[in-house]
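Here the structure is laid out as structure tokens; the discussion comes afterwards.
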Amino acid sequence: MKAAKRREPSLRDEYAEMTRQRIVAAFVETLEDEAADEVSVAAVAKRAKVAERTIYRHFKTRAELFEAAGEWIEDNVFSYIPFTSPDELPGIFRKLCKSFDQHPHLARAIAMTRVGRRVRAGFRRHLIDQHHKAMAPLARHLSTKEVRRAEALASYLNNVLAWSALREDFGMSSTEIADAIEWALSTLLNDVRKRDAAAARQRAGKSGKPQRKRAAAAKEPA
């Protein structure tokens, strides 16, 4: 039986993909320019120079368009930087601050507007999952409640929301924000390590106490 031949993309396919990418880029540009709670399909169509029905041909729902826009932003503007240890987070956030400074309106829209939050939903889920995995080795002996609290704080600090709040509420520069977040993250991680070590010692003490009692009892004369 002959294997099916791989279908090569046609010019029509390439044009469709180009149109799709143009729509997504137009959506992001509109979000950056307007920073509105809603970005209309009409505004995106006008900027992309396509008919509104063309947008719906490529994206059946607004959710599909939001997801594609989130991926586009992650790939082209605020690139995701993988990490395996929470100690890497301050350096990563410092790099992100530079990207936020280059696209401040887009960063603010992603952080503060309703549509922006929906656009970054997929990215945030991925980042939260990475925080969970990276924090696990540091908090092996802590309670579920303590681990959840530490992960939540680390995720919030390593976030465009933190950049936006410190920039707008306190007028801090990118470097000042990165320094503040590095201090906060380092303080948090040091505390997590101390708490985990204390919890480990406490567990070891509890498990060792009955053994010592049994050993002492064995030495007593019958």
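Small disclaimer: the values here were computed from a predicted structure and weren't measured. Side chains are part of it too, since the values below use all heavy atoms of this structure and drop only hydrogens, waters and symmetry mates.
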Find out whether [X] and [Y] are in side-chain contact, i.e. whether some heavy atom of one side chain is under 4.5 Å from a heavy atom of the other.
{"X": "Asn159", "Y": "Arg124", "value": "yes"}
{"X": "Val28", "Y": "Val119", "value": "no"}
{"X": "Thr113", "Y": "Leu31", "value": "yes"}
{"X": "Ile177", "Y": "Arg167", "value": "yes"}
{"X": "Arg94", "Y": "Asp179", "value": "yes"}
{"X": "Arg120", "Y": "Leu127", "value": "no"}
{"X": "Ser186", "Y": "Glu182", "value": "yes"}

message: Quiz question: by atom type and distance under 3.5 Å, do the side chains of Ser85 and Glu88 form a donor-acceptor pair?
response: no

query: Side chains of His105 and Glu32: donor-acceptor distance under 3.5 Å anywhere?
result: no

field: Contact list for residues 142-166, test ring pair (Phe, Tyr, Trp, His ring centres under 6.0 Å), sequence neighbours left out
entry: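 Qualifying pairs: Phe100-Trp163.
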
Keeping the roles fixed (side chain from [X], backbone from [Y]), state whether a donor-acceptor pair exists under 3.5 Å.
{"X": "Arg203", "Y": "His141", "value": "yes"}
{"X": "Asp191", "Y": "Thr187", "value": "no"}
{"X": "Ser155", "Y": "Glu151", "value": "yes"}
{"X": "Arg117", "Y": "Met112", "value": "yes"}
{"X": "Asn76", "Y": "Trp72", "value": "yes"}
{"X": "Glu176", "Y": "Met172", "value": "no"}

With rounding to the nearest 0.5 Å, note down the distance linking [atom1] in [X] to [atom2] in [Y].
{"X": "Arg148", "Y": "Leu153", "atom1": "CZ", "atom2": "CG", "result": "11.0 Å"}
{"X": "Asp196", "Y": "Arg201", "atom1": "CG", "atom2": "CZ", "result": "10.0 Å"}
{"X": "Asn190", "Y": "Leu185", "atom1": "CG", "atom2": "CG", "result": "10.5 Å"}
{"X": "Ile128", "Y": "Arg125", "atom1": "CD1", "atom2": "CZ", "result": "9.0 Å"}
{"X": "Leu157", "Y": "Trp183", "atom1": "CG", "atom2": "CH2", "result": "10.5 Å"}
{"X": "Ser79", "Y": "Ile73", "atom1": "OG", "atom2": "CD1", "result": "11.5 Å"}

Which heavy atom in [X] sits nearest to a heavy atom in [Y], and how many Å separate them?
{"X": "Ala111", "Y": "Val160", "answer": "CB-CG1, 3.8 Å"}
{"X": "Pro104", "Y": "Asp101", "answer": "CD-O, 3.2 Å"}
{"X": "Val24", "Y": "Ala69", "answer": "CG1-CA, 3.8 Å"}
{"X": "Ala48", "Y": "Arg22", "answer": "O-NE, 2.9 Å"}
{"X": "Pro82", "Y": "Ile92", "answer": "O-CD1, 4.1 Å"}
{"X": "Arg62", "Y": "Val39", "answer": "NH2-O, 3.3 Å"}

task: Tell me whether Leu106 is reachable from Ile81 by hopping between hydrophobic residues (I, L, V, M, F, W, Y) whose side-chain heavy atoms are closer than 4.5 Å.
output: yes

- prompt: Does Ile55 belong to the same Ile/Leu/Val/Met/Phe/Trp/Tyr cluster as Met18, with side-chain heavy atoms less than 4.5 Å apart forming each link?
  reply: no

- request: In sequence, state the C-alpha distance, the side-chain angles, and the governing distance for Phe59 and Phe66, and then conclude on ring pair (Phe, Tyr, Trp, His ring centres under 6.0 Å).
  value: CA-CA 9 Å; Phe59 303 98; Phe66 291 162; over 10 Å; no

Partner set under ring-ring contact (aromatic ring centres under 6.0 Å, His included) for His131, not counting sequence neighbours: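 Result, ring-ring contact (aromatic ring centres under 6.0 Å, His included) vs His131: Phe83.
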
- request: Mind running salt bridge (Lys or Arg N to Asp or Glu O under 4.0 Å) on Asp129 and Lys133 for me, showing each step along the way?
  value: CA-CA 6 Å; Asp129 182 57; Lys133 292 178 181 177; 3.4 Å; yes

- prompt: What residue among Lys194, Arg140, Arg195 forms salt bridge (Lys or Arg N to Asp or Glu O under 4.0 Å) with Glu146?
  reply: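 Testing each of Lys194, Arg140, Arg195 against Glu146, the sole residue satisfying salt bridge (Lys or Arg N to Asp or Glu O under 4.0 Å) is Arg195.
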
- request: Could you walk me through whether Ile181 and Leu166 pass the side-chain contact (heavy atoms from CB on, under 4.5 Å) test, one step at a time?
  value: CA-CA 10 Å; Ile181 295 298; Leu166 294 177; 4.1 Å; yes

